[in-house]
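What follows is a short report on a single structure.
This structure is a prediction, so every number in the text was calculated from the model and none was measured. Hydrogens, waters and symmetry mates play no part in the numbers below; they use all other heavy atoms, side chains included.
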Amino acid sequence: ISAQNANDAQSKSQQRIQAWKQDMEKFNAKIKQEHKLNELADSLASIQAIAAMRNRDFVLLVDNVTFNNGNTIYVNSTTNFISVKGNRAVVQISPSNYSPGPNGLGGVTVDGQISSYQITTDKRGNINLSYNVSGIGLNAQIDIYLVLGSAVAQATIYPNFNSNTLWISGEVVPYENASIMEGSSL
């Protein structure tokens, strides 16, 4: 009888192991499917971002800002963005939730006319956009770098009258898909 009990225990153990293996196969198949869906969504977002940049109709929703002194802060993308609509560009950086700032939203909003708008694609398919913006309170070169297959971009704002360069990153979306709050411009 004890040999029978040992065989039954071993059989139950093998059944549990087999059930675990089946559960793991189902889990891994689900994870692979989710990864494929995420890749597809990223690819679609990338295509929309590139088309919007080519059409001069986009918003870079800023997630973080790095200042010239090296300090990086995470910000709200509703009030921190770079937008391009036709020949008009807006740069809004509002890092403070406590002080109204010149734009009424805790920071600065400047807008101007775009010139020298150039889009290039490197050998890996990454997109580089460079343009100049001139307006009251703003005269700068803006460079935006978008990695192929993603809508996440890094941008550098080079002011022409001082050395207060800003580095920002965030997601590029078509203008009509952006949820932004534009403050009062200088």
Side-chain angles (χ1 to χ4, degrees), residues 38 41-115 117-119 126-186:
N38 286 339
D42 286 346
S43 179
L44 179 60
S46 175
I47 291 167
Q48 288 179 330
I50 292 167
M53 289 169 72
R54 291 192 192 286
N55 293 331
R56 293 185 179 209
D57 192 32
F58 72 91
V59 177
L60 171 55
L61 300 169
V62 177
D63 293 329
N64 67 64
V65 179
T66 302
F67 296 96
N68 204 19
N69 62 6
N71 289 339
T72 298
I73 59 169
Y74 293 91
V75 294
N76 182 336
S77 62
T78 302
T79 57
N80 292 270
F81 59 87
I82 295 174
S83 69
V84 170
K85 185 81 170 160
N87 285 326
R88 180 179 182 253
V90 175
V91 176
Q92 179 169 290
I93 304 298
S94 297
S96 175
N97 293 329
Y98 307 106
S99 171
N103 67 356
L105 298 173
V108 177
T109 304
V110 290
D111 67 346
Q113 293 298 308
I114 296 172
S115 63
Y117 195 90
Q118 286 187 309
I119 295 180
N126 303 315
I127 303 297
N128 295 292
L129 169 60
S130 181
Y131 60 92
N132 295 317
V133 182
S134 298
I136 297 173
L138 176 66
N139 192 351
Q141 177 182 334
I142 298 176
D143 292 338
I144 300 175
Y145 179 76
L146 182 72
V147 176
L148 179 66
S150 172
V152 176
Q154 290 77 41
T156 307
I157 303 169
Y158 301 99
N160 291 339
F161 298 129
N162 61 46
S163 60
N164 294 329
T165 301
L166 290 177
W167 295 270
I168 61 175
S169 64
E171 182 179 8
V172 175
V173 297
Y175 196 92
E176 65 271 6
N177 295 354
S179 177
I180 55 175
M181 191 173 3
E182 188 173 325
S184 301
S185 189
L186 294 179

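In this structure, the separation between CD on Gln154 and CG on Leu146 is 8.5 Å, given to the nearest 0.5 Å. Remark: Asn162 CG to Asn139 CG distance equals 10.5 Å, nearest 0.5 Å. One distance of note links CD1 of Ile144 with CD1 of Ile157; it measures 8.5 Å at 0.5 Å rounding. Here CG of Asn68 is found 8.0 Å from CG of Leu166. Values are rounded to the nearest 0.5 Å. A distance of 6.0 Å separates CZ of Phe81 from OG1 of Thr109, quoted to the nearest 0.5 Å.
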Please table the atom pairs, donor to acceptor, closer than 3.5 Å between any side-chain atom in residues 127-137 and protein atoms at least two apart or in another chain.
unit_1	atom_1	unit_2	atom_2	d
Ser130	OG	Gln141	NE2	3.4
Ser130	OG	Asp143	OD1	2.7

Distance-only donor-acceptor pairs under 3.5 Å for side chains of residues 167-175, two or more places apart:
unit_1	atom_1	unit_2	atom_2	d
Ser169	OG	Asn64	OD1	3.3
Ser169	OG	Asn64	ND2	3.0

Residues 83-91, side-chain donor-acceptor partners within the protein, below 3.5 Å, at least two apart:
unit_1	atom_1	unit_2	atom_2	d
Lys85	NZ	Asp57	OD1	2.8
Asn87	OD1	Arg56	NH1	2.5
Arg88	NE	Asp111	OD2	3.3
Arg88	NH2	Asp111	OD2	3.0
Arg88	NH2	Glu182	OE2	2.9

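When the side-chain hydrogen bond (donor to acceptor under 3.5 Å, both in side chains) test is applied to Tyr145, the partners found at least two apart in sequence or on another chain are Asn126. The side-chain hydrogen bond (donor to acceptor under 3.5 Å, both in side chains) check on Ser150 picks up nothing, with sequence neighbours excluded. Thr78 pairs by the side chain to side chain contact (heavy atoms under 4.5 Å, CB included) definition with Asn76, Met181, not counting sequence neighbours. Ile73 meets the side chain to side chain contact (heavy atoms under 4.5 Å, CB included) test with Val65, Phe67, Val75, Pro95; sequence neighbours excluded. Partners of Asn38 under the side chain to side chain contact (heavy atoms under 4.5 Å, CB included) rule, at least two apart in sequence or in another chain, do not exist in this structure.
Residues Ala140 and Pro159 approach most closely at CB-CA, 3.8 Å, considering heavy atoms.
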Query - Trace of the side-chain contact (heavy atoms from CB on, under 4.5 Å) decision for Ile180 with Leu61 - result: CA-CA 8 Å; Ile180 55 175; Leu61 300 169; 3.6 Å; yes
